[in-house]
Amino acid sequence: MMTAAADPRTDLSTDLNVGIDTNIDTNISASTSTSSTSTATRTVAVTVPDWPLVAALDRHQRRTADGASRTDGADRTDGADGPSDAAPALDPSVDPVILLDQHRVTFAGAAAQEAGALPGMTRRAARAACPEALVLEADREHESALFELVAAAVDTIAAGVDVLRPGVLLMSARGPARHQGGEEALAERILDAVAELTGWDAAVGIADGPFAALLASPPGRIVREGRSADYLAPHPITALRSAPVGPGWGHRGQPSATRPEKRLDLAETVDLLQRLGIASLGDLAALPSAAVADRFGPDIATLHLLARGGEPAPPAAHHPTQPLLAETTLETPLVRTDQAAFIARPLAEELHTMLVERGLICTRLRIVARTEGGEEMERTWRHDGALTVADVVDRIRWQCDGWITRSRLGGPATGAITRIGLHPLQLAPAGEGAPALWGSAGEAAVRASRAFARAQGLAGEDAVQVPARLGGRLLAEETTRVPWRSEKPAARPGPWPGSLPRPVPTTVFREPPSVALQDAAGRPVVVTARGLLSAAPARLLVLAPGAPVLQRAGLRAGSEHPVLAHGAPTVIDERWWTPAGVRSARLQLVVRSAGDEETAVLALSRTGNWMLEGLYD
C-alpha cells in the first residue's frame, strides 16, 4: 500500500488526485509527536486555489460572452438563431493576466511576470511593465456569491460545511469520513463532486486542527492523527498568511478582536517575525507560550498555538433556555440580488437586539432560506469575535446573491426565496469580546493577560486560577477553581433541593471554621429531627482560627459574639436513601462582632457540629 517518506511533507500517494500522507516520517521521535493536536478537531479543509483570480476570470468571461451575444444578435439580419461563439477560455499560465485589489497587483500570471509585472506593484507600474496584460479587478461580492457553487457541491457529500472565507471551506472529518468509508474516500468524493458540479479544480486536506488542514490542502495530503505539529514545523513562517483567522482577528486589514483601535495584518506580523529571525513554523512553535503572550499579546499567541498544531478553544458556549431565531417572511419573494440589501439590515438588527437584551455575542451563524417550492437551503459562517450588524448584513447579502445566481452560474435552479432565518449556533457572554469602558479597547485586560501568562510561565499552570461554576447544594461545591485559560469543567445539572437561594454570601470558606451555638442558658443549640431549633441561639463562639477575612470581620478564634437575629433552619438531606446519607442544616445569623458592628453569617450544622459556611457583606 503506502510507504513512509523521508520528508514529512512528501506526498505518499501517486495514484490519486489527492495525496494521502498517513505516515509522515516514522523516524520522528515519539516525543515530538506528543503535541497539543490531540485535543484539536479532526478537520477537512476544501480550497479552490487562487479563488479571487478564478472568480475574476469567471466574471470577465461571462461579461465577454454576454457582450458578444448582444452584438451577435444585433448584427444578425437573416433571422438565424444559432448560438454565438463562446468567449475563449483564458489560461493564466500562458496568457498575461493581472489581478488588482485596491490598486495593487495581488496575482500576476507567468507571462505577465516574465514581462516584469509582479505582485505588490501599483496598477500604473504593472501596466507599464506589461501593456498587453488583461487587467482584472477583485470583487468580494462576486467571490462570495460564486463560491456558493462550491459549497453546494461539497454539501452533496457531507452536510454542515462552514465557510471560513470565500475560497475556503472547513468541516469536521469524523462523521463524514465514517459515512464515506474513510478519510481517503471522503477526499476523493469531495474532489469529484466539485469538479463535476462546478468544473473547477479543488484541493482537500485533512489534519488535526484547521491550520494544518489548510496547509495540507494545496498539496492534497491527509496527515496522520497526532502529527500535525510535525507536519507544520518545516513550513516557512510565511505560511501564517493562510492562518484560519477570520475578519475579527485583523485579517485583510480589519480591526483586532482584542484591540479594536489597532489594525493587525497577517503580512505585517509575518514580516515582524522574519525580522526577529523566526524562519519556520517550527521556530515559532519552539518559543515558550508564556513568552510569546507576554511579548506580543494574545493575537499573536493565537498564531503560536496554531503553529504548534493546536486549535483555539471556542468561547464558553452559552445555551439560552429558548433558542434564538430571527426570521422574516417576505411579502414579495426574493428573486433579485438587489432586494437582499433591503431585507438584510432589518433582519440583522433584529438578531442584534435579541443578543444585546440577553448579553450575548454570536461567533457562528447559520443562514436558512425557504423557497416557493418548499426547498430549504442553509449555510454556516464562522467568525473570530462578535458578529456585528454589518458583518451579518454582508453575509446575508452574499448568501442570497449566491443562492439566487447559482442557476445562472451553472448550478441547480433555485426558486424565489420567501423566508429567511438567522440561527446563532455559537453564543458566548458579551464580556468575552467587549472592549473596555471609555473606548480604551481593553488595555488593562491585555496587560492582565500578559501578567497572568508570565506568572504561569514562572510558577506553573496552577499559579493563576479562576472560578468555574459546577453546581451543588453546599456553597463550597457550587464552584471550583481551574487554571486560567484551561477548559472549564462541565456544570453538573440540577435541580439541587436545599441549595441556598440568592443572594448568596460574598465570602465562601473552602475550609469552614468551627463554631458553636449556645442558648441563653449556655446549652448547645441543635436542629431536631423535625427541622426545628432546640432553643433560640443567644451566643456564637468561634472555636478555631479561620481565614484572614474572618479575622478582619472581628470574628477571631476564642471570641464570643451575641446573636442579634436569626432565621429558620433549612434542612438538607443528602443521599437519604443510602447508608452514607448525610443530614445537614443551614442557619442565617446576625451577630455583633468586634467594634460593635453587625455581621451576617451563614452557619452549617453537620453531624451535630456547627461551622461557618460564608459571610455576607
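- Counted by atom type alone, S584 and R606 present one or more donor-acceptor pairs between their side chains at under 3.5 Å.
- Of the charged side-chain nitrogens involved, at least one lies within less than 4.0 Å of a carboxylate oxygen, so that R586 and E613 count as a salt-bridged pair.
- With contacts defined as side-chain heavy-atom distances shorter than 4.5 Å, the pair L533/V527 qualifies.
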(message) For L422 and V392: C-alpha separation, side-chain torsions, deciding distance, then whether side chain to side chain contact (heavy atoms under 4.5 Å, CB included) applies.
(response) CA-CA 9 Å; L422 303 179; V392 176; 3.8 Å; yes
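- Between Y616 and P503, the shortest heavy-atom contact is CE2-O, 3.8 Å.
- By the 4.5 Å heavy-atom criterion applied to side chains, V161 and L170 are not counted as neighbours.
- Heavy-atom minimum distance, A173 versus E183: CB-OE2, 4.4 Å.
- At least one donor-acceptor pair closer than 3.5 Å links the side chain of R583 to the backbone N or O of A529.
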(request) Please assess L324 against L360 for the test side chain to side chain contact (heavy atoms under 4.5 Å, CB included), listing each intermediate value before the final yes or no. (result) CA-CA 11 Å; L324 296 182; L360 301 173; 4.3 Å; yes
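- When atom types are taken as modelled, the side chain of W610 and the backbone of V526 share no donor-acceptor pair closer than 3.5 angstrom.
- Note that CG of L240 and CG of L273 are 6.5 Å apart. Values are rounded to the nearest 0.5 Å.
- Counting heavy atoms from C-beta on, the side chains of R395 and I367 come closer than 4.5 Å.
- Remark: the backbone N or O of L284 is paired with a side-chain donor or acceptor of H304 at under 3.5 angstrom.
- A distance of 11.5 Å separates CG in L287 from CD1 in I300, rounded to the nearest 0.5 Å.
- Looking only at distances, no side-chain donor or acceptor of R227 sits under 3.5 Å from a matching main-chain atom of V223.
- Note that CG of D162 and CZ of R364 are 4.0 Å apart. Values are rounded to the nearest 0.5 Å.
- We find the CG-CG distance between L602 and L475 to be 6.0 Å, quoted to the nearest 0.5 Å.
- By the 4.5 Å heavy-atom criterion applied to side chains, L355 and C362 are counted as neighbours.
- Residues R473 and E477 are not paired through a salt bridge, judged by the lack of any N-O separation under 4.0 Å between the basic side chain and the carboxylate.
- The two residues R539 and A521 have their closest heavy-atom pair at NH2-C, 4.4 Å.
- Using a 4.5 Å heavy-atom cutoff, the side chains of P424 and L351 are in contact.
- For the pair V389 and R345, the minimum side-chain heavy-atom distance is below 4.5 Å.
- Partner of V368 under the side-chain contact (heavy atoms from CB on, under 4.5 Å) criterion, out of E376, E327, M377: E376 alone.
- Side-chain contact annotation: H561 with S559, donor-acceptor N/O pair under 3.5 Å present.
- In this structure a side-chain-to-backbone donor-acceptor pair under 3.5 Å is missing from S593 to T599.
- To the nearest 0.5 Å, the span separating CG on L164 from CG on L169 amounts to 9.0 Å.
- Between L281 and A307, the closest heavy-atom pair is O-CB, 3.9 Å.
- With hydrogens and angles ignored, the 3.5 Å screen pairs no side-chain donor or acceptor of D519 with any backbone N or O of A538.
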(request) Determine, stepwise, if the pair L303 / F296 fulfils side chain to side chain contact (heavy atoms under 4.5 Å, CB included). (result) CA-CA 11 Å; L303 295 181; F296 299 106; over 6 Å; no
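- In this structure, E225 and I206 have side chains that are not in contact, with every pair of non-hydrogen atoms separated by 4.5 Å or more.
- A distance of 10.0 Å separates CG in L587 from CG in L604, rounded to the nearest 0.5 Å.
- The two residues A177 and L186 have their closest heavy-atom pair at N-CD2, 3.9 Å.
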(request) Could you please spell out the steps behind the side chain to side chain contact (heavy atoms under 4.5 Å, CB included) verdict for S534 and R523? (result) CA-CA 10 Å; S534 61; R523 293 186 299 268; over 6 Å; no
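- Smallest separation of non-hydrogen atoms from P512 and L612: CB-O, 3.1 Å.
- T43 places a side-chain N or O within 3.5 Å of a backbone atom of T41 that can act as its donor or acceptor partner.
- Side-chain contact check for L541 versus V515: every heavy-atom pair is 4.5 Å or farther apart.
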